[in-house]
Colleague: 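My questions will all concern the structure given below.
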Amino acid sequence: MKKSDVRVCIVRAPGTNCDAETLDGVIAAGGTGEIVHFNRLHGGSRKLEDYDALIFPGGFSYGDEIRSGVIWARKFLGLLGDDLKKFVDAEKPVLGVCNGMQVIVESGLLPGLRGASEAPEACMASNASARYECRWIFLKKTGDCLFTEKYAQGEVVEMPVGHAEGKFTLEPGREQKILDELEANKQIVFRYCRADGALARGEYPLSPNASLDDVAGVSNPSGTVFALMPHPDRSCFGWQRRDWTRTGKVDGEGDGLRIFKGLVDYCAKKF
Amino acid sequence: MRFEVRVSFKPGVLDAEGNAALDALKSLGFKASGVATAKVYYIETAEPQARVEEMCRKLLANPIIQDYRISKV
């Protein structure tokens, strides 16, 4: 299909607040999309199968009650679990940003080493600083998935973070074994790093949360489901860059736009 | 039936509220060496305890960072 025919569902729930800029990113990447309230999907006035990709944007779904992302994750699985499974099985891209990552991890879709798990196999725990961290950080591409084909391996990019629960955590005692498997599958797509590309090694403030092995974004083994804590949606355009007031450069694109370009290009080629 | 579900952090997991409470207690002159917080849910249900276990596994506790304890009250 043509890129302009790629139709992305940007699903929102009570508390979602990054849906509009996410749609802007999809449109700037050449695709089209629609912001769809979750109630419309499970109410039947919109069907998940009518879309080519699904994005869980950032925000504070259901007030972050119980744990960030868990209420939406479990409601989604309970009401639309079969539709979501068919969507993922059809290799349609699923992206989660910030709260979207918390939703996807709590749903058991990621890391997904043996497919989607019934109970979560990871957790986005509280930042080690015990604070909401809202600022720009450096990321290094260390894995691969369909969303990041337009970044060079090892490339360092900048995106902002805005979260209090972003510490990627795995089952105690099995962390290294799982990390090794994720690494072998190239599932650790982005890691927190220094400006020169040296990994953050958990050092604050380079790592905003002391995430295990500097994990900032992970994918499933096939690379069709991807989630990251930093915001590509807040770094799509030149005027969103952190230095635009100093440089006066408002043209061009930000480092996050290529994630949406990767998604749109993949769908255009595949469907 | 009324169940009490107590969800707490596993050892080693950051308990920011507990740490803040400990710090505040010390600054008030109390002698305390640790504070841990837990969240308690009181659930009214006709379902058996096995289903309350399922509620914990599916929603109330993430087994990676949290433990839970169920009791009838």
Side-chain angles (χ1 to χ4, degrees), chain A residues 61-62 64-79 81 102-108 110-111 116-133 163-175 178-179 202 204 207-212 215, chain B residues 1-28 30 32-71 73:
Chain A
S61 59
Y62 296 93
D64 277 352
E65 301 294 354
I66 303 181
R67 285 182 312 284
S68 304
V70 70
I71 295 181
W72 199 8
R74 291 294 146 181
K75 281 171 82 90
F76 208 101
L77 290 178
L79 296 166
Q102 294 161 340
V103 171
I104 289 179
V105 166
E106 284 285 354
S107 75
L110 285 177
S117 57
E118 194 172 324
E121 291 181 320
C123 185
M124 306 312 292
S126 292
N127 297 345
S129 64
R131 290 195 316 197
Y132 183 83
E133 298 285 343
H163 63 255
E165 293 88 19
K167 183 180 178 182
F168 183 73
T169 309
L170 295 166
E171 187 184 337
R174 292 191 62 230
E175 294 104 327
I178 299 170
L179 283 171
Y204 184 83
S207 168
N209 45 40
S211 202
L212 199 59
V215 172
Chain B
M1 184 73 72
R2 192 169 196 236
F3 291 94
E4 180 186 287
V5 174
R6 182 178 294 261
V7 180
S8 54
F9 291 112
K10 285 182 187 289
V13 175
L14 174 71
D15 183 346
E17 197 174 352
N19 290 349
L22 177 63
D23 184 58
L25 287 172
K26 283 180 176 170
S27 70
L28 292 171
F30 291 105
S33 57
V35 176
T37 64
K39 200 179 265 190
V40 177
Y41 300 87
Y42 292 100
I43 302 173
E44 305 278 351
T45 178
E47 302 247 44
Q49 185 155 338
R51 290 280 286 168
V52 180
E53 292 264 356
E54 205 178 325
M55 293 177 197
C56 294
R57 286 198 307 273
K58 284 194 167 171
L59 184 72
L60 301 176
N62 183 314
I64 305 297
I65 61 163
Q66 293 170 318
D67 291 321
Y68 61 86
R69 199 176 70 210
I70 301 169
S71 49
V73 291

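In what follows, chains carry the letters A, B, and so on, assigned in the order in which the sequence lines appear, proteins first and then strands, with residues in each chain numbered from 1.
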Colleague: A130(A): which residues meet the side chain to side chain contact (heavy atoms under 4.5 Å, CB included) condition with it, sequence neighbours left out?
Modeller: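 Checked A130(A) against side chain to side chain contact (heavy atoms under 4.5 Å, CB included); matches are L14(B), A16(B).
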Colleague: Between chain B and chain A, identify all donor-acceptor pairs below 3.5 angstrom, including backbone and side-chain atoms.
Modeller:
unit_1, atom_1, unit_2, atom_2, d
K58(B), O, R74(A), NE, 3.0
L59(B), O, R67(A), NH1, 3.3
L59(B), O, R67(A), NH2, 3.2
L60(B), O, R67(A), NH1, 3.1
N62(B), ND2, E106(A), OE2, 3.2
N62(B), ND2, A122(A), O, 3.2
Q66(B), OE1, R67(A), NH1, 3.2

Colleague: Check whether L170(A) gets within reach of chain B through its side chain, its backbone, both or neither, counting any heavy atom under 4.5 Å.
Modeller: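 It is the backbone, since no side chain atom gets that close.
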Colleague: For residues I71(A) and L59(B), report the shortest heavy-atom separation together with the two atoms involved.
Modeller: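 Shortest heavy-atom separation between I71(A) and L59(B) comes out as CA-CD1, 4.3 Å.
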Colleague: Counting only heavy atoms closer than 4.5 Å, note whether A128(A) contacts chain B via side chain, backbone, both or neither.
Modeller: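 Only the backbone of A128(A) comes within 4.5 Å of chain B.
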Colleague: Considering only heavy atoms, which portion of A210(A) lies under 4.5 Å from any heavy atom of chain B: side chain, backbone, both, or neither?
Modeller: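 Looking at A210(A), nothing touches chain B.
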